[in-house]
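Here's the structure, in structure tokens; my notes come after.
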Protein chains: 2
Amino acid sequence: MPVHSKHLSADERRAATVRAVVQLAAQHNPSEITTTAIAQQMGVTQGALFKHFPTKEAILEAVMGWVAERLLARVDQAAAAASSPLLALEAIFMTHVDFVAEHPGVPRVMFGELQRAKMSAPKRMAQLLIRRYGERLQHLIDAGKASGELSSSIDTAAAATLFVGTIQGLVMQSMLAGDVRRIRNEAPGVFVLYRRAIGSRP
Amino acid sequence: MPVHSKHLSADERRAATVRAVVQLAAQHNPSEITTTAIAQQMGVTQGALFKHFPTKEAILEAVMGWVAERLLARVDQAAAAASSPLLALEAIFMTHVDFVAEHPGVPRVMFGELQRAKMSAPKRMAQLLIRRYGERLQHLIDAGKASGELSSSIDTAAAATLFVGTIQGLVMQSMLAGDVRRIRNEAPGVFVLYRRAIGSRP
DNA sequence: CAGAAGAAAGTGATTGATTACTATCTTATG
DNA sequence: CATAAGATAGTAATCAATCACTTTCTTCTG
């Protein structure tokens, strides 16, 4: 197993490419992540990338696929371990925040794809991720309303929008501060407010 | 006063340039708003832009300045007309949503600037806007806590973050749907939740 | 107040740099 | 040794910015 080889199998090289993009996005604007920069980050010449991806768009599509798979898996895992809908929402919130703190480049590429004008494979992938994420949230919110843990009078869709928006607000604050790890410290305080927004009142 | 002239004064031409960028951003990704596209949008050749702006970055800086001035003016106006801190927050919320609905390109350029890696004049301007906006929110939230209209136990900074994040969530939902005007319909429902989060409980 | 003189604004062509992508040659690995 | 992976060296297209030149507006003078 030649781990330190310059030659990698196609699968390994594709995975390394995705990793390189995520790493670059942590410190660079997605629009200035060129194929040359990606190749440099992974210690390979620019032309070599096109042995494994037909276009740059295909690279971004793979990145979005990686994000969707990892994030949803961790979200589902967090939700499954919780003993009530509200606790599940809190676990998802913190898991999501952790994921962003670990991979600060992810929200950058996410936003970058979503604000594309034309439809594209990576954008479609991003939309699918958001939709699936929203579905999970709405199920949990409905379950919480049914169990009395959440107020039955709240609008489920609005509550899901607020959930995602809350995380986005945190991400943006950390982008402003330039310190993405700070998001972990501020997240609990903001979730307290979210819980007040949706929780049933004693 | 030659209103239909192809020649405009420097001030008018700069204003027209800002308007063109905001219009373009409503339908195009900020990263693909080229100087050629800006010039075409305003019926002028590409080179003419550089009679009034030294660089493209200076154009974006002017755009951010325009946004900051207009948005903060409307926010202050809305707040001044309200008769209580909570009503002021609601008025600001709806005013902000209206502003975005009128100028769908604004959040795009805003996000685009904020996710820049290096510091730049336009990014600095965006940061200043956010900071001033946040200050106004925090003052109102503190005033609301003092008057008993808002819960005195909430974290002011977190409440301000949540306010901005809430709007961002709405913007992103509308970007996904591709229909920015829908944001007006969904805004009231989401603000109801925000009020639950910060309001004092009877 | 007419009109020359100069300033301001716009044109059209061109620059060097950078982009994604490709064609050909070389090397490493199973 | 066969072939997949990478290196090298290209391509055409596009970008922001600059150039010499022209058109339009403004101002000052005789």
Side-chain angles (χ1 to χ4, degrees), chain A residues 1-21 24-25 28-64 109 112-113 116-118 120-123, chain B residues 1-21 24-25 28-64 109 112-113 116-118 120-123:
Chain A
M1 191 171 69
V3 280
H4 289 109
S5 171
K6 229 167 48 173
H7 275 65
L8 297 183
S9 74
D11 280 349
E12 289 170 319
R13 186 55 78 197
R14 273 190 291 268
T17 307
V18 168
R19 210 180 320 129
V21 172
L24 281 173
H28 295 83
N29 195 333
S31 66
E32 54 196 39
I33 295 180
T34 65
T35 53
T36 304
I38 298 171
Q40 270 182 348
Q41 173 76 18
M42 49 201 292
V44 119
T45 59
Q46 186 241 8
L49 289 182
F50 294 90
K51 293 277 178 188
H52 308 288
F53 296 95
T55 64
K56 184 188 180 185
E57 190 174 285
I59 297 178
L60 294 174
E61 188 182 353
V63 171
M64 289 310 310
V109 297
E113 286 307 319
R116 275 188 128 86
K118 301 168 190 168
S120 67
K123 180 176 180 180
Chain B
M1 192 172 71
V3 282
H4 287 110
S5 171
K6 225 165 53 171
H7 276 66
L8 297 183
S9 74
D11 281 347
E12 289 171 319
R13 185 55 79 196
R14 274 191 290 268
T17 307
V18 168
R19 210 179 321 127
V21 171
L24 280 173
H28 295 83
N29 195 335
S31 66
E32 54 195 40
I33 296 181
T34 66
T35 52
T36 305
I38 298 171
Q40 269 182 348
Q41 174 76 18
M42 51 201 290
V44 117
T45 59
Q46 184 245 0
L49 290 183
F50 293 91
K51 293 280 178 189
H52 307 288
F53 296 95
T55 63
K56 185 188 179 183
E57 190 175 283
I59 297 178
L60 294 175
E61 187 183 354
V63 171
M64 289 311 309
V109 297
E113 286 307 318
R116 275 187 128 85
K118 301 167 190 168
S120 66
K123 182 178 180 180

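When reading the values below, keep in mind they use all heavy atoms of this one structure, side chains included, and skip hydrogens, waters and symmetry mates.
OP1 or OP2 of C:dA8 has not a single side-chain nitrogen or oxygen of B:R13 nearer than 4.0 Å.
In the set D:dA7, C:dT11, C:dC21, the nucleotide with an atom closest to the side chain of B:K51 is C:dT11. Proximity note for A:A48 (side chain, C-beta onward) versus D:dG6, C:dC21, C:dA9: the nearest is D:dG6. Checking C:dC21, D:dA5, C:dG10 against the side-chain heavy atoms of B:T45 singles out C:dG10 as nearest. Counting only heavy atoms from C-beta on, B:Q46 has its side chain closest to D:dA17 among D:dA17, D:dC21, C:dT22. Residue A:H52 has its side chain nearest to D:dA5 when only C:dA20, D:dA16, D:dA5 are considered.
Distance, B:K56 NZ to C:dA17 C1': 15 Å, rounded to whole Å. In this entry the distance linking CZ of B:F50 with P of D:dC19 reads 13 Å, nearest Å. Atom CZ of B:F53 and atom P of C:dA9 are 12 Å apart (whole Å). When rounded to the nearest whole Å, the span between CZ of B:R14 and P of C:dA8 equals 12 Å. Nucleotide C:dT11 holds its C1' atom 15 Å from the CD atom of B:Q40, rounded to whole Å. The distance from atom CD of B:E12 to atom P of D:dT26 is 10 Å, rounded to the nearest whole Å. Atom CD1 in B:I33 sits roughly 18 Å away from atom P in D:dT14 (whole-Å rounding). Atom pair B:E57:CD and D:dC15:P shows a separation of 18 Å (rounding to whole Å applied).
Considering only heavy atoms from C-beta on, B:E113 comes within 4.5 Å of B:L60 through its side chain.
B:Q46 and B:T36 form no side-chain donor-acceptor contact under 3.5 Å, judged by distance and modelled atom types alone.
Within the nucleic acid shown, A:T34 comes within 4.0 Å of sugar-phosphate atoms alone, with no base atom in reach, counting heavy atoms only.
When every heavy atom of A:I33 is checked against every heavy atom of A:K56, the shortest pair comes out as O-NZ, 3.0 Å.
Atoms OG and CD, from A:S120 and A:E61 in turn, are 8.5 Å apart once rounded to the nearest 0.5 Å. Of the inter-residue distances, the one linking A:E57 atom CD with A:K123 atom NZ reads 12.0 Å to the nearest 0.5 angstrom.
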